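Remarks on the structure that follows.
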There are 2 protein chains.
Amino acid sequence: MSAILDSFDNISKAAPEPIYQQIKKIIQQRVTSGEWPAGQKLPSENELVSALAVSRMTINRALRELTQEGLIKRVHGLGSFVAEVPRHASLIELQDIALEIEADGKRHRARILSQETISASVEIARQMELPTASRVYYLCAAHYQDDLPIQLETRYVNPAAMPEFMDQDFSRITPTAYLLQQFKPDEMEHRVRAVIPRREERELLAMQSGQPCLQLTRRTWHQQQVVTHVTLTYPGDRYELGARYATNEYQLR
Amino acid sequence: MSAILDSFDNISKAAPEPIYQQIKKIIQQRVTSGEWPAGQKLPSENELVSALAVSRMTINRALRELTQEGLIKRVHGLGSFVAEVPRHASLIELQDIALEIEADGKRHRARILSQETISASVEIARQMELPTASRVYYLCAAHYQDDLPIQLETRYVNPAAMPEFMDQDFSRITPTAYLLQQFKPDEMEHRVRAVIPRREERELLAMQSGQPCLQLTRRTWHQQQVVTHVTLTYPGDRYELGARYATNEYQLR
DNA sequence: GTAGCATACTTGTATATACAAGTATAGCGG
DNA sequence: CCGCTATACTTGTATATACAAGTATGCTAC
């Protein structure tokens, strides 16, 4: 075990980032890199205390939050373990479609259908919490997995929150990746529904007539502002949304 | 402010339930009852320390977790506030359809279509993590909102985990409510897809031909066992799933 | 051999304390 | 009247310490 502990990155106590966050990232990296496979026993809290020279309460907070997020499991009296099921939590985490596709070993490609500045309709303005006819950035793109269309993205962006959005080349970086690079959202809202695609959408997704789509609408906030409002349309027969989590904290209302 | 504080329930220090949980419940109750409306400023941590006679770290943990769950918002240097948007987190919390409907002021009614013990098919056995052909309980029900069908429920239950499941009268208590009454799941998995309903489903849901359904499949675990595997089918034009949350902890993988 | 007990190690929770850092306000000086 | 500063109050984080309680293991008594 000491071999593992010896190789820990150093914790910087006077950092912009809290210590418990640094610890979470270290462990997350160990798990996602495969260095600690599913089922692997983690070092005990006391071992981590010695290895990282921080207090046990700080370790405890990091591990508790990782449990809550489903990355690890803890058994009272026994120890902490890497969770068996690599959670597939598209509905909770903000997942970049390109990473998702590449994680499957496939190739991702985006085709930009439209990228312009428009005047917000009543409905869009309402969704973005802006005055009607405000200028907003509009982007429409199709995402392909090995040349098979898998997602249609219709995105509105608040220029006040994201002034340089239109300067990006979104065939190189996905809008989701770019937005996350800029800042971490404070809050988000998801809505999921089943719809029959319009003819145009159906053709872009290369779907047979009569087949349904799964449509995910997401709004994200940063500093009390709606940053972006995006609708993602998936072919119902080629995609499903999923999530798995530990339910420690959640209960019936 | 003291009026509010004076009326706090007592915290029992030697209880089966941890103190921070009790505090969470007290605050949750204040919020959901409407006593503390959206935007209301909560007592500060120090005020709660005095009022409840527990340490600030305990208060802090309770409030931090409530923030994570989206019930309250905290602003560094300012205070804690009841969240503006009553989160509609069907995809995270286990929501009882009857409560959901009644919260809208409508009437809920369930019609039991089938309730029997069957032998698990290969697929069902796999989902339930049981040997093929194990005996499992099977329930099929339709849920109505003011006589309009709104959800089709197809449920398989592990008899080992829920021996008395078949003795219940599910026109009086919904299966979800009964299961939650019995115990809180440790873990759950959700999958969401868009499908065209089979003819039988379409008729039960009083849908027009060609319209899509939203289908949510959920498995829940308790003590390493799959307790139940349920598929909920909603008319695409009458229902959408939604969730809103603070994203403090979540980030791109 | 085996049942039961003692022990060591684990996580879970609670407390007191400390300091950092963000927000609002009162009050002062110009 | 305006702008600055000091101050008080808030949340955010980190620590040391303590005890409770669950799990596994090895030892002892029978």
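Per chain, numbering begins at 1; letters A, B, ... match sequence-line order. Owing to the predicted nature of the structure, the values given are computational and were not obtained by experimental measurement.
- Residues that satisfy the side chain to side chain contact (heavy atoms under 4.5 Å, CB included) test with Glu45(A), not counting sequence neighbours, are Arg56(A), Ile59(A), Asn60(A), Leu63(A), Arg74(A).
- In this structure, the CG atom of Asn60(A) is 12 Å from the C1' atom of dA14(C), given to the nearest Å.
- Just one residue in the list Ile173(B), Asp169(B), Val157(B) forms a side chain to side chain contact (heavy atoms under 4.5 Å, CB included) with Tyr178(B), and that residue is Ile173(B).
- Contact check on Arg218(B) versus Glu189(B) returns no salt bridge, with no Lys/Arg side-chain nitrogen under 4.0 Å from an Asp/Glu carboxylate oxygen.
- With sequence neighbours excluded, no residue forms a salt bridge (Lys or Arg N to Asp or Glu O under 4.0 Å) with Arg135(A).
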Cut-off 3.5 Å, no hydrogens considered: what does the side-chain donor-acceptor table look like for residues 121-128 of chain A, sequence neighbours left out?
{"unit_1": "Ser121(A)", "atom_1": "OG", "unit_2": "Ile124(A)", "atom_2": "N", "d": "3.2"}
{"unit_1": "Glu123(A)", "atom_1": "OE1", "unit_2": "Arg126(A)", "atom_2": "NE", "d": "3.4"}
{"unit_1": "Glu123(A)", "atom_1": "OE1", "unit_2": "Arg126(A)", "atom_2": "NH2", "d": "3.4"}
{"unit_1": "Glu123(A)", "atom_1": "OE2", "unit_2": "Arg126(A)", "atom_2": "NH2", "d": "3.3"}
{"unit_1": "Glu123(A)", "atom_1": "OE2", "unit_2": "Gln127(A)", "atom_2": "NE2", "d": "3.0"}
{"unit_1": "Gln127(A)", "atom_1": "OE1", "unit_2": "Arg219(A)", "atom_2": "NE", "d": "3.4"}

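- Rounded to whole Å, atom P of dT15(C) lies 8 Å from atom CD1 of Ile23(B).
- In terms of the ring pair (Phe, Tyr, Trp, His ring centres under 6.0 Å) criterion, Tyr137(B) has no residue partners (sequence neighbours excluded).
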> In the 5'-to-3' direction, what one-character label does each nucleotide of nucleotides 19-26 of chain C receive under the scheme B = base within less than 4.0 Å of a protein heavy atom, S = sugar-phosphate only, - = no such atom?
Replying inline: --BBSS--

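- Under the 6.0 Å cut-off for aromatic ring centres, Phe165(B) and Phe170(B) qualify, their centroids lying closer than that.
- Checking dT10(D), dA14(D), dT11(C) against every side-chain atom of Asn46(A), the shortest atom distance belongs to dT11(C).
- Looking only at atom types and distance, the side chain of Thr176(B) has a donor-acceptor partner in the side chain of Arg155(B) under 3.5 Å away.
- Atoms CZ (Phe81(A)) and C1' (dT11(C)) sit 11 Å apart, rounded to a whole Å.
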Using a cutoff of under 3.5 Å, can you pull out all pairs of nitrogen or oxygen atoms linking the protein to nucleotides 3-7 of chain C, with atom names and distances?
none

